[in-house]
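All ligand and atom numbering here is 1-based and tracks the order in the structure.
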Amino acid sequence: MDVLNLSFFKILGIMENDYDFQIQVETNSPPLACPHCGYETNLYKHGNREQLSMDLPIHGKRVGLLIKRQRYRCRDCNQTFWERLEHTIDEKRNCTKRLLSYIEKQTLKRTFVSISEDVGLNEKTIRNIFRDYINRLEQTLRFETPNWLGIDEIHIIKPRCVLTNIEERTLLDILPNRNKETVVGNLSRIPNRGRIQYVTMDMWQPYKDAVRAVLPKAIIIIDKFHVVRMANQALETVRKQLRVGLSAKERRGLMHDRFILLKRHKELTDMDKITLDLWTKNYPSLGIAYDLKESFFDLWDSDSRQEAYFKYHD
Ligand SMILES: [Zn+2]
């Protein structure tokens with residue numbers, strides 16, 4: 001059975017413990033010609049050594065390939081050479097090429113420490129792979145300046161600013177942090193940045209300051225998600241304040257209050273409505289807070305600004 005799915009290797013043996021597989025392999029295709037003189041048939045084996053290269057985890061365990069690497073000597077020019085593994089192995093990082101590309105993708109999503117534990121390469125190597133990957137992306141990708149720029153966040157060791165093209169749904173850049181200076185520096189290097197009409201972001205003040213400074217004409221749009229979350233947080237504050245002053249018995253009367261209060265009005269069951277009415281009679285501030293939260297959410301459901309305006313001033 002070919003558990004490795006690597007046609008280049010033949011499996012000689014497998015060892016396994018709770019965390020690791022160690023798989024002994026050798027290549028199954030000897031070299032066709034001498035790399036020094038190019039002569040084709042006059043090669044003979046001249047020693048070998050074992051080389052450990054990491055591969056993709058299998059069933060949640062790290063995989064080390066113990067490669068029996070063959071050395072050859074050429075009868076024609078008398079020179080020796082190690083058999084080549086470049087189809088499969090990245091010699092610089094000492095892992096399979098497919099593990100390398102797996103790590104590259106993972107570095108955009110997870111911490112280096114957790115990837116390191118997962119694949120069995122040390123953290124410094126993971127960081128170097130990430131750095132090479134980002135450099136390669138920067139060199140090979142030329143991005144169109146978007147009309148609609150997204151400013152987001154990703155957590156790699158620490159929060160970092162991420163720039164995206166909203167319409168194309170592509171990544172433009174990952175910055176080392178989310179400071180105003182860093183964002184300003186990066187935005188000011190975007191060619192034809194006057195083309196950017198809209199910028200979407202969360203409510204992180206340095207992003208707003210940076211955009212105001214570098215893209216004064218762009219319209220800033222706050223992600224709906226971040227805004228409606230604030231309405232829920234305000235309601236939570238009122239609810240918690242109220243509970244502090246209540247007796248244990250009164251608090252029991254407010255069971256599941258958070259669950260019901262977070263529901264949109266149209267999602268309330270008949271029983272929820274009766275409960276909510278009762279609470280509103282006993283604790284008017286809770287009813288007011290709920291209504292305010294709902295009217296705020298309604299703004300986002302409006303089809304147009306005008307409709308939102310009338311709803312708000314109703
Ligand atoms: Zn030769």
Side-chain angles (χ1 to χ4, degrees), residues 1-108 110 112-142:
M1 187 179 66
D2 184 15
V3 290
L4 286 177
N5 194 24
L6 276 175
S7 58
F8 191 63
F9 289 124
K10 189 167 81 187
I11 296 176
L12 303 175
I14 299 181
M15 288 189 295
E16 181 183 2
N17 64 24
D18 286 348
Y19 307 103
D20 294 272
F21 282 107
Q22 194 172 81
I23 304 178
Q24 287 174 286
V25 296
E26 65 181 5
T27 61
N28 55 19
S29 46
L32 297 171
C34 167
H36 300 293
C37 70
Y39 200 83
E40 285 180 12
T41 52
N42 237 343
L43 304 171
Y44 63 95
K45 287 184 178 177
H46 184 68
N48 62 62
R49 65 178 162 100
E50 284 190 324
Q51 168 185 337
L52 185 70
S53 298
M54 301 310 289
D55 189 24
L56 285 176
I58 297 179
H59 305 311
K61 294 185 186 186
R62 296 175 292 240
V63 173
L65 298 179
L66 199 57
I67 304 166
K68 186 180 163 193
R69 193 170 187 176
Q70 191 64 51
R71 188 158 66 149
Y72 293 89
R73 187 184 283 278
C74 171
R75 282 196 183 90
D76 225 55
C77 69
N78 210 30
Q79 300 208 62
T80 61
F81 62 94
W82 289 100
E83 72 181 330
R84 301 256 165 109
L85 299 173
E86 73 262 14
H87 328 63
T88 321
I89 303 292
D90 184 282
E91 304 270 4
K92 188 174 169 194
R93 303 297 175 208
N94 205 16
C95 66
T96 57
K97 292 199 162 174
R98 62 185 186 183
L99 178 62
L100 189 69
S101 77
Y102 169 78
I103 292 170
E104 287 175 344
K105 291 189 188 81
Q106 293 291 309
T107 55
L108 298 181
R110 295 167 50 195
F112 299 158
V113 177
S114 77
I115 299 168
S116 162
E117 284 166 2
D118 193 12
V119 305
L121 293 175
N122 69 40
E123 195 194 337
K124 190 160 173 277
T125 304
I126 306 290
R127 191 179 308 127
N128 290 336
I129 290 172
F130 170 71
R131 193 201 52 219
D132 286 358
Y133 181 47
I134 294 298
N135 287 342
R136 205 172 72 234
L137 284 180
E138 280 175 2
Q139 283 165 12
T140 54
L141 298 176
R142 281 281 159 266

Problem - Candidates Ile23, Asn28, Ile67 - the one meeting side-chain contact (heavy atoms from CB on, under 4.5 Å) with Phe9 - result: Ile67
Completion exercise
Result for side-chain contact (heavy atoms from CB on, under 4.5 Å) between Gln22 and one of Ile14, Leu52, Leu65 points to Leu52
Practice task
Identify whether the distance between the nearest side-chain nitrogen and carboxylate oxygen of Asp90 and Lys97 falls below 4.0 Å.
Solution key: no
Fill in the blank from the handout: The expected count of protein N/O/S atoms at less than 2.8 Å from the Zn ion (ligand 1) is 4
Practice task
Determine the interplanar angle of the Phe81 and His36 rings, folded into 0 to 90°, and report it as parallel if under 30°, tilted if 30 to 60°, perpendicular if over 60°.
Solution key: perpendicular
Handout entry: Any donor-acceptor pair under 3.5 Å from Ser116 side chain to Leu121 backbone
Key = yes
Exercise for the section: Indicate yes or no: does Arg93 engage Glu104 in a salt bridge with an N to O separation below 4.0 Å. Expected result: no
